[in-house]
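Worksheet: one structure, shown below.
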2 protein chains.
Amino acid sequence: MGTISKALTLLDTLSLMDRDVGLTEIAAACGLDKATARRFLVELERHGFVEQLAESRKYRLGSAPVRLGRIREARFPFLKTAIPFVRQLMEESGETVHLSEFSGGRLSTVHVEDSTKAHRVFIAVGTLLPFHATASGLAFIAACPDKDVERAAIGPMPAFTDHTTTDGAAFRQAVVQTRIDGYSVNRQGMEAGVISASAAIAAPGSRPIGCITVAAPLVRTDVATIRRHGLSAAAAASRISEAFFGVDHKEQGTPQRGRGPG
Amino acid sequence: MGTISKALTLLDTLSLMDRDVGLTEIAAACGLDKATARRFLVELERHGFVEQLAESRKYRLGSAPVRLGRIREARFPFLKTAIPFVRQLMEESGETVHLSEFSGGRLSTVHVEDSTKAHRVFIAVGTLLPFHATASGLAFIAACPDKDVERAAIGPMPAFTDHTTTDGAAFRQAVVQTRIDGYSVNRQGMEAGVISASAAIAAPGSRPIGCITVAAPLVRTDVATIRRHGLSAAAAASRISEAFFGVDHKEQGTPQRGRGPG
DNA sequence: TGAGATGGTTCATATATTGAACCATTGCTT
DNA sequence: AAGCAATGGTTCAATATATGAACCATCTCA
């Protein structure tokens with residue numbers, strides 16, 4: 001692996017830790033030597049991708065990504081386009097709704113509209129969504145070409161709860177069902193007591209751009225309710241796709257070869 | 001310079017080009033060999049920092065920074081906090097107002113609220129703001145320690161218009177005036193026909209976090225008006241700072257040693 | 001005050017980066 | 001249609017660069 005990949009992996013690791021971290025800790029988390037980790041951090045800091053705190057000497061994500069993200073959004077306004085639909089779906093369903101995007105070979109949460117109910121599901125921005133253990137991941141992979149599904153099906157499937165799908169056959173079956181329904185459902189696969197329904201946001205090209213997902217406490221979500229959420233999510237996904245790609249599709253372009261999911 | 005720095009510089013260069021660019025062009029823009037540029041682009045793409053378009057094979061900024069930016073904002077909500085004040089200042093002044101942030105040794109625009117008037121100033125998100133040629137830069141540097149001012153004063157000062165400050169003495173004088181007024185003014189230093197007033201957003205620590213700036217067409221902005229804009233900007237900056245750092249200042253922390261401005 | 005963390009640094013060694021020259025494809029000109 | 005010029009992409013020997021074990025300096029806490 002090249003130095004750049006290692007540094008970006010470090011950045012990624014840092015982004016997944018939701019607190020400020022020390023040198024030794026982050027080096028360990030990335031499997032890097034302390035000296036190496038430090039050189040990476042210094043170079044990343046030079047460019048504003050990480051910040052070091054003056055007093056504690058700990059490191060955290062910097063503000064350069066905010067700038068780059070804004071530039072990206074200004075030219076390719078995925079969030080701006082999608083958020084109103086996310087909000088609407090949250091109001092319609094009454095449950096927490098989150099938007100995820102596929103990037104760098106992984107699916108991750110980029111926006112959350114929290115349910116206004118007291119008893120609700122919490123999801124942090126930046127959360128990674130494994131294909132086998134989340135409704136989002138399943139919806140995404142089901143909308144990908146079969147070769148992507150297959151790659152995911154033969155990959156490792158860590159169990160997060162007793163309900164997580166951990167074998168390829170069950171996974172493939174779930175993909176088939178998702179393709180039939182037009183939305184995916186995941187019952188407690190990631191966290192006990194949570195049920196989610198998700199739909200992929202199609203893009204011109206072979207892979208969808210991301211997903212929109214309703215996450216609800218299991219206790220108030222019966223079969224009919226989750227079906228309603230799923231259908232609403234599918235409708236919202238389709239509206240987002242149309243809003244984003246429908247009209248001025250003049251050479252927005254679609255990326256290629258991003259290494260496949262799985 | 002290390003490989004990581006070179007790759008991040010490439011990413012930065014790409015972000016400053018407001019269109020999709022080809023391999024040869026970006027290699028030239030970064031002063032890199034084609035082969036090197038390509039390896040960088042491939043590694044950056046693996047992590048979602050750039051995207052390659054399937055049809056034209058050109059490259060553009062990817063969506064990974066959006067994710068990282070969102071995580072950063074979720075934990076350190078500078079934009080979320082500041083934008084309402086930016087908007088309010090736009091409404092109050094009737095002119096385009098932009099918010100800039102200091103990161104990676106440079107000041108750049110992270111948010112713009114456009115004036116609703118037909119004749120107004122346009123600023124793109126991501127625009128770099130040189131210290132010697134913009135009200136924002138001046139406001140920022142004037143709020144920094146003297147050593148930062150001095151470093152900027154002895155650096156190169158490219159002229160963007162006939163009105164750009166290009167010598168150290170005039171620059172230092174402008175810093176003094178800015179410190180007296182509590183806001184900076186720049187008259188056509190970056191672009192002919194535009195006058196701006198800016199104030200730095202203070203942070204606990206030696207350097208401010210960024211600036212808030214009113215940019216107006218020169219033709220309708222007399223001395224009294226620009227003073228009004230400047231005072232409003234200073235008031236807004238102070239409110240942002242208070243909103244962001246005032247209340248729960250419990251170990252938000254402030255970064256150190258980001259290589260100084262200039 | 002001393003043992004155990006932690007942040008940070010050094011430098012010989014090992015490894016990854018580099019770029020000139022190359023090929024393949026496309027689009028333009030004659 | 002042939003030829004030319006540009007562009008994207010690749011190769012591999014030369015070399016600059018990254019690496020990490022061992023080191024030092026602080027800090028904390030008993």
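Numbered from 1 within each chain, the chains take letters A, B, ... in sequence-line order. Because only heavy atoms are used, hydrogens play no part in the values below, and waters and symmetry mates are left out as well, while side chains stay in. This one's a predicted model, so the numbers in the text were calculated from it and none came from an experiment.
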Is the phosphate of dT17(C) approached by Thr3(A) (side-chain N or O, under 4.0 Å from OP1 or OP2)? yes

So, does the side chain of Lys34(A) form a donor-acceptor pair with the base of dG8(C) at under 3.5 Å? yes

For the backbone of Gly2(B) and the side chain of Ser5(B), can you confirm whether one donor and one acceptor N or O come within less than 3.5 Å of each other? no

Check whether more than 12 heavy atoms from other residues, nucleotides or ligands sit under 6.0 Å from atom CD of Glu43(A), and answer yes or no. yes

Between P on dA16(D) and CG on Asp33(B), what's the gap in Å once rounded to a whole number? 15 Å

Phe40(A) CZ to dG8(C) P, in whole Å, measures 16 Å

N/O (side chain, Arg57(B)) to phosphate O (OP1/OP2, dT7(D)) under 4.0 Å: no

How many whole angstroms separate atom CD of Glu25(B) from atom P of dG8(D)? 9 Å

Could you tell me whether the phosphate oxygens of dG19(C), OP1 or OP2, come under 4.0 Å of any side-chain nitrogen or oxygen in Thr36(B)? yes

Thr24(B) side chain near dG8(D) phosphate (N/O to OP1/OP2, under 4.0 Å): yes

Rounded to whole Å, the CG-C1' distance (Asp20(B) to dG8(D)) equals 15 Å

Less than 4.0 angstrom from a charged side-chain N to a carboxylate O is my criterion; do Asp12(B) and Arg67(A) meet it? yes

For Thr213(A) and Ser136(A), test the side chains for any donor-to-acceptor distance below 3.5 angstrom and give the result as yes or no. yes

Taking atom types as modelled, is there a side-chain donor on His132(B) or Thr164(B) under 3.5 Å from an acceptor on the other? no

Output yes when a side-chain donor or acceptor of Ser241(A) lies under 3.5 Å from a complementary backbone atom of Ser238(A), and no otherwise. no

By salt bridge (charged side-chain N to carboxylate O under 4.0 Å, His left out), Arg72(B) pairs with (sequence neighbours left out) Glu51(A)

Would you check if there is a donor-acceptor pair between the side chains of Ser63(A) and Ser103(B) at a distance under 3.5 Å? yes

Would you mind telling me which of dT11(D), dG8(D), dT17(D) lies closest to the side-chain atoms of Gln52(B)? dG8(D)

Please state how far atom CD1 in Ile26(A) lies from atom C1' in dT6(C), giving the value in whole angstrom units. 15 Å

Sugar-phosphate only, base, or nothing, as touched by Lys6(B) at under 4.0 Å among non-hydrogen atoms: sugar-phosphate

Counting just side-chain N and O atoms, does Tyr59(B) come under 4.0 Å of either OP1 or OP2 of dG9(D)? yes

If you only use heavy atoms from C-beta on, which nucleotide in dG9(D), dG8(C), dT19(D) is closest to the side chain of Leu23(A)? dG8(C)

Counting only side-chain nitrogens and oxygens, does Arg38(A) get under 4.0 Å of the OP1 or OP2 atom of dT9(C)? yes

Heavy-atom contacts under 4.0 Å between residues 9-17 of chain A and DNA chain C, which residues? none

Grab the CD-P distance between Glu43(B) and dA18(D) for me, whole Å please. 12 Å

Testing dG8(D), dA18(D), dT17(C) for proximity to the side chain of Arg39(A), the answer is dA18(D)

Between dG19(C) (P) and Leu32(B) (CG): distance, integer Å: 8 Å

